[in-house]
Amino acid sequence: MKLSTLSILLGLGFGLPQIYGLMKPGRFRDAVRQFPRSESIGYVLMMLGTVWFLWNLNLENISDFASYKKLMLIGFGAVGVATCIYVRDFLAVRGLAVVFLLLAKLMVDTARLEDTEWRLVVVTWAYLLVIAGMWFTVSPWRLRDLLNWGTATENRIRVRWDSDLAFGLFVLTLGIAVFRPVELKAAQPSERTPSFAR
């Protein structure tokens, strides 16, 4: 995946929920507060994280793990399923934390070779996701506390949603106006005259 495509998807994914929140603040606030203990969303996120992790693991071709790959795939798959059965408390937060970590890997891998300093916006965001993913894995109730605090007053809700929407539009703009032209330029053949033609 190209960084421009990823940035557009990230910008839309981050910004569109905020538009819904601005249109129907009451409903969105209630959904946000219910999220940490939502088992249905937790199942979806945990299974998404498990399948995504197994897909990444299957793509790894490190020889040290080659002979154990099947066992690792079965083992980690079983851990994901068992989590949905035996660790259902704050399952949505735990699943979101796994998705954060995997998304951060995708973001760093995609931005690594982009020839522009603006890629650091995506990389920095990725490292923040890593920190959040580890923190919410260890203390999933922290996200519940943060969401309750952030939706306690209308002013906090407005500031949060406006800032999140602005950041989503910023990342979307980077994908269209910055990363896309850089990728098109890199794809063009070099116009320099070959040395043998001089």
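None of these values were measured; they are calculated from a predicted model. FYI, the numbering just counts along the sequence from 1.
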All heavy atoms of Trp161 vs all of Gly21, minimum pair found to be CZ3-O, 3.2 Å

Has Arg158 got more than 12 heavy atoms of other residues, nucleotides or ligands less than 6.0 Å from its CZ?
-> no

Any link between Leu96 and Leu9 through a network of hydrophobic side chains (Ile, Leu, Val, Met, Phe, Trp, Tyr) touching at under 4.5 Å?
-> yes

Is the cationic atom of Arg94 (NZ for Lys, CZ for Arg) positioned less than 6.0 Å from the six-membered ring centroid of Phe136 and within 45 degrees of its normal?
-> no

At their closest point, which heavy atom of Ser7 faces which heavy atom of Gly175, and how far apart are they?
-> CB-CA, 3.7 Å

Locate the shortest heavy-atom distance separating Cys84 from Arg88; write the atom from each residue and the value.
-> O-CG, 3.0 Å

Minimum heavy-atom separation for Val108 to Ala126, with atom names?
-> CG2-CB, 3.6 Å

Counting distance only, does the side-chain N/O of Arg119 pair as donor-acceptor with the main-chain N or O of Thr116 below 3.5 Å?
-> yes

Here the gap from Lys70 atom NZ to Ile74 atom CD1, rounded to the nearest 0.5 Å, amounts to 8.5 Å

Between OG on residue Ser4 and CG on residue Leu184, distance to nearest 0.5 Å = 7.5 Å

How about Arg29: does its CZ atom have over 12 heavy atoms from other parts shown lying under 6.0 Å from it?
-> yes

Same apolar cluster (I L V M F W Y, side chains within < 4.5 Å links), Leu103/Leu16 | yes

Atom pair CZ (Arg142) and CG (Leu147), whose distance is rounded to the nearest 0.5 Å = 13.5 Å

Tell me whether Trp141 is reachable from Leu146 by hopping between hydrophobic residues (I, L, V, M, F, W, Y) whose side-chain heavy atoms are closer than 4.5 Å.
-> yes

Nearest-0.5 Å distance that lies between atom CH2 in Trp52 and atom CG in Leu45 = 11.0 Å

Leu3 and Arg180, any side-chain heavy atoms less than 4.5 Å apart = no

Which residue, Leu174, Leu172, Thr173, forms the side chain to side chain contact (heavy atoms under 4.5 Å, CB included) with Phe170?
-> Leu174

In terms of heavy-atom contacts, does CE of Met23 have more than 12 from other residues, nucleotides or ligands at under 6.0 Å?
-> no

Side-chain heavy-atom pair Leu10, Met107 within 4.5 angstrom cut-off | yes

Distance-only, no hydrogens or angles: does the Lys2 side chain make a donor-acceptor pair with backbone N or O of Phe179 under 3.5 Å?
-> no

Step-by-step side chain to side chain contact (heavy atoms under 4.5 Å, CB included) determination, Leu165 to Ile19 = CA-CA 7 Å; Leu165 177 59; Ile19 296 176; 3.8 Å; yes

Heavy-atom check, side chain of Thr50 versus side chain of Val81, under 4.5 Å | no

Smallest heavy-atom separation, Val171 atom then Trp125 atom, equals CG2-CZ3, 3.9 Å

Would you check if there is a donor-acceptor pair between the side chains of Arg33 and Thr151 at a distance under 3.5 Å?
-> yes

Output the distance between atom OH (Tyr86) and atom CG (Leu91), rounded to the nearest 0.5 Å.
-> 14.0 Å

When every non-hydrogen atom of Ala104 is compared with those of Leu129, the smallest separation belongs to CB-CB, 4.2 Å

Using a 4.5 Å cut-off on heavy atoms from C-beta on, say whether the side chain of Gln18 contacts that of Leu22.
-> no

Under 4.5 Å between side-chain heavy atoms, hopping through other hydrophobics if needed: is there a path connecting Ile131 to Leu102?
-> no

Flag side-chain contact, heavy atom, 4.5 Å: Glu183 against Glu114 | yes

Identify whether Val98 and Leu73 are in the same connected component of the hydrophobic contact network (ILVMFWY, side-chain heavy atoms under 4.5 Å).
-> yes

Counting only heavy atoms not in Tyr20, do more than 12 sit closer than 6.0 Å to its OH atom?
-> yes

Hey, does the side chain of Thr110 reach the backbone of Leu106 with a donor-acceptor pair shorter than 3.5 angstrom?
-> yes

CE of Met72 to OG of Ser67, rounded to nearest 0.5 Å, is 10.0 Å

